Participant: 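Take this structure first; my questions come after.
Since the structure is predicted, the reported quantities are computational estimates derived from the model, not experimental observations. These numbers come from the heavy atoms of this one structure, side chains and all, not from hydrogens, waters or symmetry mates.
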Amino acid sequence: MFFAPTRTSGPATATPIRGWRVQSSAVARESGAAISTPSYQVRGWLDAPARSTVMAALLANGRYPDVFYSTNLRDQVDPSAFHVPWWYRSEFTVFGGGRTLLRTEGVIHKAELWVNGTQVAGVDQLAGAYPVHTFDVTSLVTRGANA
């Protein structure tokens, strides 16, 4: 497989996502259109470092203490928490004009990508082990806060 960077007409900046807010779809029952808007309230969502699995986010937030001791992983972790999809959400700021490209490179298994209430990609496009994709979301973003 070959990856070619997206060409731009001038200088560009890259802004990596430094962290996420995550929540189980069993708790956050709203649609992707609602969850992906900047005004959506994430009270009760968990902080997750960039490139975190759901389990890593749960551990970082103290949900399961000491899972690496004895049979704690087996005995303390409820497997049903992983039977449903989880939402990963972040906000970013657009400062000026020009193109806005969103690059994904950490998806494991499959995902949907939503920006400001619009689905950009579905599980038919974002599937596999760490697929790399770049999406032009210029028409979906506005100056200021975006989600």
Participant: Taking only residues at least two apart or on different chains, which pairs with a member in residues 60-79 satisfy salt bridge (charged side-chain N to carboxylate O under 4.0 Å, His left out)?
Facilitator: none

Participant: Can you sort out the partners of Ser70 under side-chain hydrogen bond (donor to acceptor under 3.5 Å, both in side chains), two or more places apart, ordered by chain and number?
Facilitator: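 Ser70 satisfies side-chain hydrogen bond (donor to acceptor under 3.5 Å, both in side chains) with no other residue.
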
Participant: Say whether Leu59 and Val22 are linked into one hydrophobic cluster, either directly or through other cluster members, by side-chain heavy-atom distances under 4.5 angstrom.
Facilitator: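 Yes, because Leu59 and Val22 connect within a single hydrophobic cluster, where side-chain heavy atoms sit under 4.5 Å apart.
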
Participant: Within a strict 4.5 Å, meaning less than it, do heavy atoms of the Val27 and Trp86 side chains meet?
Facilitator: no

Participant: If I compare all heavy atoms of Gly32 with all of Ser36, which pair ends up nearest, and what's the gap?
Facilitator: O-OG, 2.7 Å

Participant: Under a 3.5 Å distance rule, please check whether Tyr88 uses its side chain to pair with a backbone N or O of Gln23 as donor and acceptor.
Facilitator: no

Participant: Any idea which heavy atoms bring Pro65 and Gln76 closest together, and the distance?
Facilitator: O-OE1, 3.0 Å

Participant: Suppose the criterion is salt bridge (charged side-chain N to carboxylate O under 4.0 Å, His left out): which pairs have a residue in residues 104-119, not counting sequence neighbours?
Facilitator: Arg103-Glu105

Participant: Check Gly19 against Ser90 and note the closest heavy-atom contact, atom names and distance.
Facilitator: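 That would be O-OG, 3.5 Å.
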
Participant: With a 3.5 Å distance limit and no angle check, can you tell me whether Gln119 reaches the backbone of Ala121 through a side-chain donor-acceptor pair?
Facilitator: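 Judged by distance alone, yes, a pair lies under 3.5 Å.
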
Participant: List for me each residue that meets side chain to side chain contact (heavy atoms under 4.5 Å, CB included) alongside Thr118, sequence neighbours excluded, and say none if there are none.
Facilitator: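 Per chain and number, Thr118 pairs via side chain to side chain contact (heavy atoms under 4.5 Å, CB included) with Leu140.
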
Participant: Taking the side chain as C-beta and beyond, is there a heavy-atom pair between Ile17 and Phe92 under 4.5 Å?
Facilitator: no

Participant: Which hydrophobic side chains are connected to Val123, either touching it within the sub-4.5 Å cutoff or through other members that do?
Facilitator: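 Answer for Val123: none, a lone residue.
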
Participant: Among Val120, Thr104, Leu102, which one satisfies side chain to side chain contact (heavy atoms under 4.5 Å, CB included) with His133?
Facilitator: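 Between His133 and the candidates, side chain to side chain contact (heavy atoms under 4.5 Å, CB included) is satisfied uniquely by Thr104.
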
Participant: Name all residues meeting the side chain to side chain contact (heavy atoms under 4.5 Å, CB included) criterion together with His109; count only those two or more places apart in sequence or in a different chain, and write none if there are none.
Facilitator: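 Checked His109 against side chain to side chain contact (heavy atoms under 4.5 Å, CB included); zero matches.
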
Participant: Do any pairs count as a salt bridge (charged side-chain N to carboxylate O under 4.0 Å, His left out) and have a residue in residues 130-147, sequence neighbours left out, and if so which ones?
Facilitator: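 Sorted result for residues 130-147: Arg99-Asp136.
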
Participant: What ring-ring contact (aromatic ring centres under 6.0 Å, His included) pairs are there with at least one residue in residues 56-75, not counting sequence neighbours?
Facilitator: none

Participant: Indicate the atoms forming the closest heavy-atom contact of Pro79 with Val77, along with that distance.
Facilitator: CD-O, 3.1 Å

Participant: How is the hydrophobic cluster of Tyr40 composed, in terms of its other members, when Ile, Leu, Val, Met, Phe, Trp and Tyr link through side-chain heavy atoms under 4.5 Å apart, directly or indirectly?
Facilitator: Ile35, Val42, Trp45, Trp87, Trp114

Participant: For the backbone of Thr100 and the side chain of Thr138, can you confirm whether one donor and one acceptor N or O come within less than 3.5 Å of each other?
Facilitator: yes

Participant: For Glu91, enumerate each residue passing the salt bridge (charged side-chain N to carboxylate O under 4.0 Å, His left out) test, keeping only those at least two apart in sequence or located in another chain.
Facilitator: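 In terms of salt bridge (charged side-chain N to carboxylate O under 4.0 Å, His left out), with neighbours along the sequence ignored, Glu91 is linked to Arg89.
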
Participant: Could you tell me whether a side-chain N or O of Asn146 sits under 3.5 Å from a main-chain N or O of Val141, the two making a donor and an acceptor?
Facilitator: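 Not at all, since once roles are kept as given, no pair shorter than 3.5 Å links the two residues.
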
Participant: What pairs with Thr93 under side chain to side chain contact (heavy atoms under 4.5 Å, CB included), at least two apart in sequence or on another chain?
Facilitator: Phe95

Participant: Between Val137 and Leu101, is any pair of side-chain heavy atoms under 4.5 Å apart?
Facilitator: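 Sidechains of Leu101 and Val137: no contact.
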
Participant: Do Leu113 and Val132 sit in the same hydrophobic cluster, where Ile, Leu, Val, Met, Phe, Trp and Tyr count as joined when their side-chain heavy atoms come under 4.5 Å apart?
Facilitator: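 No: no chain of side-chain contacts under 4.5 Å links Leu113 to Val132.
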
Participant: Quick one: which residue pairs count as a side chain to side chain donor-acceptor pair (under 3.5 Å) with a foot in residues 47-56, not counting sequence neighbours?
Facilitator: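 Applying side chain to side chain donor-acceptor pair (under 3.5 Å) to every pair that reaches into residues 47-56, excluding sequence neighbours, yields Arg21-Asp47.
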
Participant: Could you tell me whether the side chain of Ser25 and the main chain of Pro85 form a donor-acceptor pair under 3.5 Å?
Facilitator: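 Yes, Ser25 side chain to Pro85 backbone: donor-acceptor pair under 3.5 Å.
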
